[in-house]
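All remarks here apply to the structure that follows.
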Amino acid sequence: MIRQQTIAGWGNYKPQPCRVTRPHTLEALGRAVACADARTVIARGLGRSYGDAAINPPGHTVETTALNRMRAFDESTGVLCADAGVSLGEVVAHLLPRGWFLPTTPGTRFVTLGGAVAADVHGKNHHRDGSFGKAVKRVELLLADGRVVNASRTENAELFRATLGGMGLAGMITAVELQLRRTETAYCDVTYRRASGLARALELMEQTNADYRHSVAWIDCLARGAALGRCVLMLGNDAAVDDLPEHHRHRPLQPPRRRSKNVPFDFPPCVLGPTTVRAFNKLYYARHGDARKVVDFDTFFYPLDSIGHWNRIYGKRGFIQYQALLPPDQAHDGLVELLEAIGEAQLGSFLAVLKKSGESGEGLMSYMFPGYTLALDLPNTGAPLERLVDKLDHILLNRNGRLYLAKDATTRPDTLAAMYPNLDRLRQVKATYDPNHRFVSAQARRLGIVEDA
Ligand SMILES: Cc1cc2nc3c(=O)[nH]c(=O)nc-3n(C[C@H](O)[C@H](O)[C@H](O)COP(=O)(O)OP(=O)(O)OC[C@H]3O[C@@H](n4cnc5c(N)ncnc54)[C@H](O)[C@@H]3O)c2cc1C
């Protein structure tokens with residue numbers, strides 16, 4: 001059944017009317033892709049990409065979440081094969097109690113395996129373990145001509161590389177074979193360190209990198225002057241049973257459930273003014289001194305998941321998330337320029353996230369390369385936001401930086417082309433497997449990745 005629905009990405013930025021289907025079987029998925037009245041289709045997982053990557057206004061948007069069967073799990077090796085519509089949360093719920101966790105995880109568990117592969121997502125352990133695609137052994141793909149094929153490092157290898165980070169443009173992922181990693185507990189041993197400014201934060205990250213699997217800093221992006229870039233670093237390792245407080249040791253893989261709350265409606269714009277945000281960020285920094293704590297995985301990896309619909313705090317006009325990646329030699333000066341531009345624009349943003357990135361992803365369009373990445377939310381204020389993102393894009397381009405397609409909602413074709421050297425290679429692979437451009441998203445159209453027929 002096809003329904004008409006106005007949808008957007010997680011940022012609720014510029015929603016558009018779409019024709020949406022949600023097939024319950026692989027056969028129905030095949031029919032949705034082949035459907036004669038849909039010249040184009042795009043997959044949509046849980047819609048956690050921020051912009052227009054998972055919508056396709058003139059064609060069909062195909063939700064994958066009803067195809068969520070775990071197909072096989074080998075307890076001795078930790079290799080899972082599951083439908084692409086299975087969420088990371090479902091994987092964790094089933095397999096963490098058995099001592100297996102995700103190889104890496106983004107900051108929300110409400111992401112499908114298909115979405116995680118298509119964006120080649122990264123987590124707080126990128127400097128150590130690389131991005132999601134590194135643990136993917138094989139994908140099963142439904143192609144534009146209706147064939148279902150496997151792609152891996154040894155079979156259809158170029159198609160595999162076009163799928164990792166390829167934002168659904170090479171074909172519809174129907175299953176993912178993934179290597180999970182063993183864990184003794186569902187807790188992290190976390191060390192908190194405060195850094196009074198950006199230079200100190202980068203220095204601390206460099207110094208601690210080798211000792212911690214997980215590393216992330218929450219930056220007060222409105223601090224100015226000598227405090228520019230001040231932040232709280234969270235450095236973590238998986239906790240062993242002996243690290244846990246006595247009362248958690250008998251159930252190390254099943255931490256107590258957290259209660260979740262909902263944001264009941266869209267907030268009015270005045271709630272998120274610079275004054276509120278500045279006060280919140282200041283308080284957050286002041287409350288976190290140097291400390292060490294054992295924290296359950298949910299709290300450490302998914303701090304926002306306990307607040308349902310938190311995106312509503314940005315109101316009806318929505319927001320974007322700007323994520324900038326800079327190479328090491330440009331990181332300090334580039335981050336200073338970005339933070340100064342954001343501070344000058346007075347566009348309120350709650351804490352921004354700074355991470356150190358490791359090796360480049362294998363996908364043709366994988367986002368990560370070695371350096372530092374800064375991500376922050378910016379409310380949609382119309383023209384002032386557009387002026388700011390133009391300025392931020394310009395800074396990034398001058399410093400050999402890169403934007404993340406899973407977050408992008410605003411950039412331009414020439415900016416993207418300058419940032420992704422393998423874009424033409426992706427187009428060539430697409431020409432082989434999808435010559436009539438059946439798989440297209442609003443983002444691919446906006447960025448000229450695909451010249452729509
Ligand atoms: C609170 C929050 C925190 C986040 N933190 C991080 C983070 O730390 N690191 C990070 O890397 N990302 C992060 N993200 C972004 C998120 O991980 C990615 O956008 C991810 O792709 C979303 O998955 P999804 O299932 O919601 O996919 P969607 O948003 O629905 O789709 C994203 C892309 O994947 C494609 N796609 C989805 N399913 C398939 C399929 N079966 N076959 C082919 N293509 C498919 C879509 O066409 C689209 O191009 C975060 C997002 C939120 C909301």
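One-based numbering, in listed order, for ligands and for the atoms of each.
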Would you say ligand 1 has an N or O under 3.5 Å from any N or O of [X]?
X: L46; result: yes
X: T105; result: no
X: G45; result: yes
X: G47; result: yes
X: R48; result: yes
X: A54; result: no
X: G115; result: yes

Examine distances only and state if a side-chain atom of [X] and a backbone atom of [Y] form a donor-acceptor pair shorter than 3.5 Å.
X: T21; Y: P23; value: no
X: T174; Y: E140; value: yes
X: D408; Y: T411; value: yes
X: S441; Y: I42; value: no
X: R427; Y: I449; value: yes

I'd like the name of whichever of [options] reaches closest to [atom] through any heavy atom.
atom: atom 43 (C) of ligand 1; options: A84, S441, G171, S131; answer: G171
atom: atom 49 (O) of ligand 1; options: M167, Q323, R109; answer: M167
atom: atom 13 (C) of ligand 1; options: A444, G165, P106, G168; answer: P106
atom: atom 29 (O) of ligand 1; options: S49, A118, G123; answer: S49

Measure the acute angle between the ring planes of Y404 and H122, then classify it against the limits of 30° and 60° as parallel, tilted or perpendicular.
tilted
Would R402 count as a cation-pi partner of Y367, with NZ or CZ less than 6.0 Å from the six-membered ring centre and within 45° of the ring normal?
no
Is the cationic atom of K430 (NZ for Lys, CZ for Arg) positioned less than 6.0 Å from the six-membered ring centroid of F439 and within 45 degrees of its normal?
no
Does the pair F319 and Y50 meet the rule for a ring pair (Phe, Tyr, Trp, His ring centres under 6.0 Å), with working shown?
CA-CA 9 Å; F319 67 107; Y50 280 75; 5.8 Å; yes
Can you tell me how far apart CG (D377) and NZ (K407) are? Round to the nearest 0.5 Å.
8.5 Å
Nearest 0.5 angstrom please: F297 CZ to L96 CG, how far?
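These two atoms lie 6.5 Å from each other.
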Numbering as shown, the atoms of ligand 1 that approach [X] to under 4.0 Å (heavy-atom distance):
X: Y404; result: 10 (C), 11 (O), 12 (N)
X: M172; result: 42 (N)
X: I42; result: 47 (O)
X: T64; result: 41 (N)
X: W310; result: 1 (C)
X: W10; result: 53 (C)
X: K407; result: 13 (C), 14 (N), 15 (C)
X: A119; result: 21 (O)

Taking only non-hydrogen atoms of [X], do any sit less than 4.0 angstrom from ligand 1?
X: Y50; value: yes
X: Q443; value: no
X: F132; value: no
X: K355; value: yes
X: F439; value: no

Take K356 and E206 through the salt bridge (charged side-chain N to carboxylate O under 4.0 Å, His left out) test and state the conclusion after the steps.
CA-CA 9 Å; K356 184 164 168 57; E206 290 297 333; 3.2 Å; yes
Passing candidate, side-chain hydrogen bond (donor to acceptor under 3.5 Å, both in side chains) with N56, options Q443, R445, Q16:
R445
